[in-house]
S.K.: 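To start, I am sharing the structure in question, which I have written as structure tokens.
Just so we're on the same page: letters track the sequence lines, and every chain starts at 1.
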2 protein chains.
Amino acid sequence: MRRRRFGNAPAGTGVITMSDVANRAGVSSQTVSRVIGRPEMVTEETRKRVNDAIRELNYIPNEAARNLASNSSRVVAVVIPTLSSSAFAAQVKATIDTLEMRGISVIIGNSEYSVLREEQIIQTLLERRPMGFILTGLHHTPRAMDLLRQSGVPVVETWDTDTAPLDCAAGFSNIAAGHDVGSLLAARGSRRIAFVGGAAHQDSRANGRFIGLAKALEEADLPPPLRIELVLPMSTQDGIGGLDQVLQRAPMTDAIFFSADSLALSALLECNRRGLRVPEQLAICGFGDFDLASLVTPALTTVKIQPDVMGRTSAELLLARLDGDDKPASVVLQHQLIRRGSA
Amino acid sequence: MRRRRFGNAPAGTGVITMSDVANRAGVSSQTVSRVIGRPEMVTEETRKRVNDAIRELNYIPNEAARNLASNSSRVVAVVIPTLSSSAFAAQVKATIDTLEMRGISVIIGNSEYSVLREEQIIQTLLERRPMGFILTGLHHTPRAMDLLRQSGVPVVETWDTDTAPLDCAAGFSNIAAGHDVGSLLAARGSRRIAFVGGAAHQDSRANGRFIGLAKALEEADLPPPLRIELVLPMSTQDGIGGLDQVLQRAPMTDAIFFSADSLALSALLECNRRGLRVPEQLAICGFGDFDLASLVTPALTTVKIQPDVMGRTSAELLLARLDGDDKPASVVLQHQLIRRGSA
DNA sequence: TTGTAGGCGTTATCAT
DNA sequence: ATGATAACGCCTACAA
């Protein structure tokens, strides 16, 4: 559907522009720009005339032109491993909601747990000159870090605060969380403990949890945990596969720490089905405190981490950075071990 | 971090531009543009020189300038009720993955189940001149539809094909799905059936499922279903609240159809805890076939709908439209009633 | 408070 | 196959 042109502006793309509005309102296009960007700089009288013209013409500003002229994009890039994980989805939603209030849009990249894909995504997204990047974890390819550094965009890293961030971070300590789990399992009397989680080279956050677990077990004079590494992306059912691998390799295992509740829940339900008593025969601890964790029987012992707060906080950190705070302090969110029936 | 300038281009934003690359490669900037956009139009010889210059200078094209000059944005806007629903997240992920291969980014808006917020989001996103919109459902405010029509952007609607789409749709029939559930419940001998789902004015898809259910019950000469409307957004735990409301208002109810598996699962687990036998005393049917549906005991009878396929298909429909197909046919995806133990 | 001039970095178009 | 020129629609900087 072609739109007819108003005013006497030269034929462009056939869409209403700022100068069309200016003509209609009898002002310069600069004034229109002000009414939109800094209304307080314009007389109420003219502001009204301009706003009327905007409404009558159904004028919609062109963000690309605005970006080019102002050299700023109102876009933030978020790169996560995958949107099809409720924790990342909740995080991203919170980020979107937080930034939307400032007129900022979010563009999402799914790295599929690969730092190489992450690098590629960063390079592509850089073309949009985002105001900032929100990344997952602290581990990236050298080239990705170079690209980021050279472009000078602010970067906020999430989900991990165990090593130094590129710029600043909003996350939690996976090591501490894993350590808490290890201490709990040791305290409750578990002796032969296993860890089931994403492969270390794919998921350094899960790896941190394993490290914390191992440390706690060592402190408690327990043997080191058996570790089962799952190839990512993983499905919920993989919890059962992990359970099987553990029982096959170490039948005497009396506790399993899963790096995600999805895995823990499927394993727990499978134990119920098989008549394997939880936690008497096998204690189970998850990670993430998913919705259903408190509803299964026995209820799942897990670690709560509030991905939504992480999403909001990372956005706020970015905004602070953009508002001039040169180096806002990283935020370490507290995780919380929630002890329920399964361990 | 300020970047030093190369070549002799006039001082701009201090970032490498196409003409910097052109200087370096000893060609015009137009040739650089071609190397990036239509490499086949350039001699292999010059192409190599240009690509070398690009690499040496770490040149990154400016998408905003590209958008402005070409009058096309490489952005698609997706508006869903909320990202924190695994089905919508899976859908969006598939959309992102599909479009990414064509260099298109996705911008997401969360309508929070409100057509008014949806309208507002559409208006804002229109400023980015997206190549198209992917919306949820077929119900929008008149003004939203006007905005869309006037801007001339292609629109693909998802999650519903029960009425006429604005443009084209990739979804399924909620009425048919609800009808299937009703028929199953009737056939298995349930007589007093209840429906628990999002409020009709917020979730017209759930409403469609209710309509289908009611029709099937009527056809089977059963009394109309009791309907419990939940205020959105809902949490998983609301399944228990819905269960309680049903049992309170109609204690003789022998089957409940929940409009989402999250609700059905929490209700089912609660029944287990209370010793209410499923399906003997109360049959339960969900919607969505979430990961855990097959893992709980009894396994959840539900309707599978493949949100990921919907996400991919809607993107493909949009691409077809952009590639010239004036009015691609809507795609009606098949739902599938999966009968397991709970009903 | 408002207007004028110039430029943002790229692509389209037309020449060569 | 490559180059010159003119937009694209808006904002910054400065002038009135």
S.K.: Do NZ/NE/NH1/NH2 and the carboxylate oxygens of A:R47 and A:E40 come within less than 4.0 Å?
M.R.: no
S.K.: Where along nucleotides 11-16 of chain C does protein come under 4.0 Å, by heavy atom, of base (B) or sugar-phosphate alone (S), with - for untouched nucleotides?
M.R.: BBB---
S.K.: Rounded to the nearest Å, what distance is computed from the CG atom of residue A:N71 to the P atom of nucleotide D:dT12?
M.R.: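 In whole Å, D:dT12 P lies 10 Å from A:N71 CG.
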S.K.: Just how far, in rounded Å, is P of D:dA1 from CD of B:E45?
M.R.: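 The answer, rounded to whole Å, is 14 Å.
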S.K.: Could I get the full list of salt bridge (charged side-chain N to carboxylate O under 4.0 Å, His left out) partners for A:E45, not counting sequence neighbours?
M.R.: A:R49
S.K.: Quick check on D:dT2: is either OP1 or OP2 less than 4.0 Å from any side-chain nitrogen or oxygen of B:T46?
M.R.: yes
S.K.: Using whole Å, report how far CD1 of B:I60 lies from P of C:dT10.
M.R.: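 Spelled out: CD1 on B:I60 to P on C:dT10 is 11 Å.
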S.K.: What's the CZ-C1' distance between B:R47 and D:dT2, to the nearest Å?
M.R.: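 From B:R47 CZ to D:dT2 C1': 14 Å.
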S.K.: Round to the nearest Å and state the distance from B:N62 atom CG to D:dC10 atom P.
M.R.: 17 Å
S.K.: Start at the 5' end of DNA chain D and walk down; is the nucleotide closest to A:L68 or to B:V27 reached first?
M.R.: B:V27
S.K.: Could you work out, with salt bridge (charged side-chain N to carboxylate O under 4.0 Å, His left out) as the rule, every residue matching B:D97, not counting sequence neighbours?
M.R.: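 Residues passing salt bridge (charged side-chain N to carboxylate O under 4.0 Å, His left out) with B:D97: B:K93.
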S.K.: Could you state the atom-to-atom distance from CE of B:M41 to C1' of D:dG3 in whole Å?
M.R.: 12 Å
S.K.: If a pair satisfies side-chain hydrogen bond (donor to acceptor under 3.5 Å, both in side chains) and one of its residues is in residues 310-319 of chain A, list it, with sequence neighbours excluded.
M.R.: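 Counting only pairs at least two positions apart or across chains, no side-chain hydrogen bond (donor to acceptor under 3.5 Å, both in side chains) contact touches residues 310-319 of chain A.
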S.K.: Check the phosphate of C:dT2 against A:T43, side-chain N and O only, distance under 4.0 Å to OP1 or OP2. Yes or no?
M.R.: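 Yes, A:T43 has a side-chain N/O under 4.0 Å of OP1/OP2 on C:dT2.
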S.K.: Got a sec, which residues hit salt bridge (charged side-chain N to carboxylate O under 4.0 Å, His left out) with A:R205, two or more places apart in sequence or on another chain?
M.R.: A:D203
S.K.: Rounded to the nearest Å, what distance is computed from the CG atom of residue B:D20 to the P atom of nucleotide C:dC8?
M.R.: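 Between P of C:dC8 and CG of B:D20: 11 Å.
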S.K.: Give a yes/no on whether any side-chain N or O of A:S28 is located under 4.0 angstrom from OP1 or OP2 of C:dG3.
M.R.: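 A:S28 to C:dG3 OP1/OP2: side-chain N or O found under 4.0 Å.
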S.K.: Rounded to whole Å, how long is the line connecting atom CD of B:E40 with atom P of D:dT2?
M.R.: 12 Å
S.K.: Side-chain N or O of B:T17 versus OP1/OP2 of C:dC8: is the shortest distance under 4.0 Å?
M.R.: no
S.K.: Do you know which two heavy atoms are closest between B:I16 and B:L57, and how far apart they sit?
M.R.: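 Closest heavy-atom pair between B:I16 and B:L57: CG1-O, 3.6 Å.
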S.K.: Side-chain donor-acceptor pairs under 3.5 Å in residues 129-137 of chain A, sequence neighbours left out?
M.R.:
from   : atom 1 : to     : atom 2 : distance (Å)
A:R129 : NH1    : A:L126 : O      : 3.1
A:R129 : NH1    : B:I60  : O      : 3.4
A:R129 : NH1    : B:P61  : O      : 3.1
A:R129 : NH2    : B:I60  : O      : 2.7
A:T136 : OG1    : A:V79  : O      : 2.9

